[in-house]
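No hydrogens, no waters, no symmetry mates; every other heavy atom, side chains included, goes into these values. Note on naming: letters A, B, ... go to the chains in the order of the sequence lines (proteins, then strands), and numbering restarts at 1 for each one.
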Amino acid sequence: MLEPLSRKFQKDPNAFEQGILEEWESRNLLKATLEARANAAPFVFYEGPPTANGRPGIHHVLGRTLKDTICRFQTMRGKRVLRKAGWDTHGLPVELEVEKQLGISGKPDIEKHGIGPFNEACRNSVFTYKQDWEQLSQRIGFLLDYENPYVTFHSNYVESVWFLLSRFAVNNLLYRGHKVLPWCGRCGTGLSSHEVGLGYKDINDPSVWVSLPLIDGKGELEGASLVVWTTTPWTLPSNMGACVNASFEYVVVEHNGGRFVLLENKVAELFAEGEWEIVSRMMGEELVGHSYHPLFEYEGGDTVHEGEHRQVVVADDYVTDVDGTGIVHLAPYGADDFRIANREGIQAVLAVGDEARFLCPVAQVSEGTFFSDANKALSRDLKERGRLLKLSQCTHSYPHCWRCDTPLIYFPAPAWFLKTSSYKKEMIEENKRIRWAPSEIGEGRFGEWLENNIDWALSRDRYWGTPLPVWVCDCNEDHWHCISSFEELGELSGGLEDSFDPHRPCVDEISFPCNHSECSGSMSRVPQVIDCWFDSGAMPFAQYHWPFDNRETVAEQFPADFIAEGLDQTRGWFYTLHAISVFLTKVDQDLWKSGELLGKPLPRLAEGSAYRSVMVNGLLLDKDGQKMSKRLGNIVVPGNAIEKHGADAIRWSLLSGGAAHLSRRFDDKAVSEVRRRVLGTLLASYDFFALYARTEAWNPTDCELPEVSSRPALDRWILSRATACASQCVEAFDALEPARALRSLEGFIVDELSNWYIRRNRRRFWNSDDSESQATAFATLWEVLRATVRMTAPVAPFLSDSIWTQLSQNDESVHYQEFPSPDGIRDIPLEGAMDPILRASSLGRSVRERVQIRVRQPLGKLIVHVAGESSLGASPRAYTDSLIQELNVKEVEWVDGTPDFLQVRAKPNYPRLGKRAGKKMKALAASISEMNRETLFALQGGSTTTLVVEGVEFEISGEDISMETLEVEGLEATTDGVVTIGLETTLTEELISEGLAREIVNRVQALRRDSGFDVSDRIQLQLGGSVQVEKAAQEHRDWISSEVLAPEGIKVASEKTQGAQEYELPENEALWILATRLPAEVN
RNA sequence: GGGCCAGUAGCUCAGUUGGUUAGAGCGUCCGCCUGAUAAGCGGGAGGUCAGAGGUUCAAAUCCUCUUUGGCCCA
């Protein structure tokens, strides 16, 4: 019992933790934890679903540790924390992976292969690395319910998503439109931004300046033309309008008898010097509303956006003065252009279709011409008609299809949208109620994103995803319907097969008659699937198959109290969760009106966002601050690091290294340091306790723990500090700032518990002469250690649990104990009184260093003065013994008041006086520092004095100044401004003799250790040496023998015994020792 | 181009509402202790708080600009 743990941990942390993992597994820790909290209030956590078709890296360890730590902490605060795992399984990355596997590429290939087999391959591929994820999570101690995860491709999940989509449709927030995408005309497909990035190439393009003659120009604008610039002449036939920036100033210039409108600083690029002059200036807004003659007249084309206007001037901030003329030609082949056309009601007609070829003849370009081949002919035509002002060539980087190398176009593809912009106000409002850590992300990045919200382009022309549950009539495409459940689909289509799978292609085959009156058409599904971000954003509902099942559970488990993901999720999961939940709970009022749905009660869900607080973590870089990437080969494989250091050290180091939201470096050395300095110290402290509890047979169960009030000041101090630490941890964890909690814990464990409390109290643990003090020491340390491991448990779950089990001597895990109460016993005056003691110790060591007298050499007297001692709530003098031991002095003299030998000076209390004195503060500070000691003394005694500074009187009281001690006359002294000490450095005969006695003990102890004796082994001791040494040994023989456990006393002999160890002591003194272990019966 | 964040000791980072001499760990130099012993502790040295300007009696902290780096979006 009370086994030592330190060496086992330091030697092989991995094996150490594996043992604890087995324990947890055998008793199913997560289940046990939830059972222990069966009736507790919930703390709701949502797991952001990872994609399991990639290996987890060390940065996932960061995210998972943050989640786990907060969840464990809340569990220990008495909450019931369900932890349902989840998997994000749909989407393009899966498809690309499978294309690679099957050795095919592109949509035509996939359709040739067959959507059915392709999706089957996707389904099999998504869990390629599931094992890796589960094992890693389990190994780092991330408690997660992997037995009942939510999986986005499961039928139930898909059905919930359909239901949510149908609610958008019912509210008229689902609509058909166009989305401008990077598009390959040859493959007939849109590309993701990732794919676009794969295919940039430098090409040569024409650069044309074209005139747009105004139809209705008046005054200076009469007969004037707008000038636009483009490198894509093929888009000019599809010109919809011209866009200016309302706040720019434009000029009208005359050139060769014509008038042209553009930005002043662009004129020189167009016309030669001296051939133009400025006629007039006007703001962009004055141009808005004019119309101009179209560039090309032709029949045909594909109208993709109906509108009342064509060829008009509009304004938008997206127009810059960097490229072009400050007037932008709008064509449907641009996302901004499309947005503006939408807003302004401008008709959009495509001259170039989805195969990137002309749909109709335009000028000298024939139907079917590939877009890039039309540039020359179009330019020529414009030139002939006098509309081309300038033509040159430019080389620039242009995207190409990474599969077939064809130049891409930006193309408005048919798409389905969610009208999120219609409830932007609600989303912004609800965002203000979310607690963001750090807050800037919520106000800044996320807030900004919501302010600029545009409708959600929901559909994807792909295969492996949740099919968009929209069925359209073949007679009239305005007859469409969004399905809300499998049951509804079954009823409409005459029943679903048992093997029904809501994925493509199965779902594509289902059709039913159009139910619009007097329509005899047949409804079939649109080909698209949906953005997989909608899947993950739907998880608060879909993870429980709401509203078809678990309505009560969702009502309790919505919204989340806490989520935590990386910064890159701001526009990802954080947004989709928010957008869907705000819509469902706040915008969709109809859903909740009746209080029931499908004939069963529907509990109202809390109105608002899906989460109340969110913790954002930054990127994890390598030790040199480089982004980890396969290319650089600097990816840290979590397994290796864990094997070396164990998970606790990694968890601790990841959480303590700076604010969570900043990008941080993963540094192996930092992990070692944490392991040694923090975890090592905690274990050593426990081992110390265990060692003496064993030898002295102390057991918490068979003794009565003494009243705290009756314990020594130092014991009450450490208990109070433990409470202080608990209160800081609770505050920091609640604020989602684990790094702050860990700083408190590190300081408490290393400085306060180990380096001060244990170090100053060691003797009490083996001194059974004072059994009361010993029992109290054991009780205090036991209690403090138990509190400490409960505080470290959320961060270092393994180590903490193993120490806890030892201390408790039972099987109960630390992980469902209560976190130490922040409202426990606290004695703040006592804590304050310790501060001068720590300062005095430090000063004392500094003086000893200066005068070169080692601590082992006792000194006579230490004089201590504490400025403002009387204002401390408790007297530091209660700790006099600690100071005597720490600095090895015979006595401590506490100085009252400000005696003559102490030089003092006053410093102004700036925060107090600064407000009163204002500009005169500097002068006032000067006169305060000149006040004499009598005045200061009087002020401290409670009287006041008046200082006149620059003609103004200031009444100064004791509170307006603080006293600073400078030095002590006649002694080796030093001060830190608050505490001043003087050290008597005279060495008397007795002190020297005692110093030597300590040297002797020191050498004997070293010899004991080197000889491999146990700490409680008794020995027989012979020694001798130089005259002074022998004299000291004689004088202190009793003390020495008790210190080194030589019950038979020591034998001082002038003749050196054979086999004795020789030593050279300071001041050229000589010593020899012979120590032998006494037989066991003596021990 | 826009937004957000960061720049403090050789390295990694703290630094509360502006207020006394800007702190800690690692590293380095010097030393100590050891009945926690394959540990531990202390003391020094080391900083123009990225740069410039401003507000203020007082700025690492507030404001403006510049600069470097990161992330997100165009």
**Request:** Go through the N and O atoms of the side chain of A:S754 and the base of B:A36, and report whether any donor-acceptor pair is under 3.5 Å.
**Result:**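 For A:S754, whose side chain was compared with the base of B:A36, there is a donor-acceptor pair (under 3.5 Å).
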message: For the base of B:G35 and the side-chain ring of A:W766, does the geometry meet a stacking cutoff of under 5.5 Å between centres and under 30° between planes?
response: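 Yes, A:W766 stacks on the base of B:G35, since the ring centres sit under 5.5 Å apart and the planes are within 30°.
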Please state how far atom [atom1] in [X] lies from atom [atom2] in [N], giving the value in whole angstrom units.
X	N	atom1	atom2	answer
A:Q10	B:A38	CD	P	11 Å
A:L655	B:G25	CG	P	21 Å
A:I758	B:G40	CD1	C1'	12 Å

| query | B:G31 phosphate, OP1 or OP2: any side-chain N/O from A:R848 under 4.0 angstrom? | reply |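 No, because none of the side-chain N or O atoms of A:R848 sits under 4.0 Å from OP1 or OP2 of B:G31.
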Does the ring center of [X] lie less than 6.0 Å from the ring center of [Y]?
X	Y	result
A:Y333	A:Y410	no
A:F748	A:W756	no
A:W698	A:Y692	no

Inset, instruction - Go ahead and name the base partner of B:A6; Watson-Crick or wobble counts if both distances stay under 3.5 Å, otherwise write none. - result: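 Matched B:A6 with B:U68 under the 3.5 Å cut-off.
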- Message: With a 3.5 Å limit on both atom pairs, tell me what B:U48 is paired to, counting Watson-Crick and G-U wobble, or say none.
- Response: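 Per the H-bond distance test, none.
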Assign [X] to base, sugar-phosphate, or nothing according to its heavy-atom contacts below 4.0 angstrom with the strands shown.
X	value
A:E1043	base
A:R854	sugar-phosphate
A:S841	nothing
A:Y692	base
A:A670	nothing
A:R763	nothing

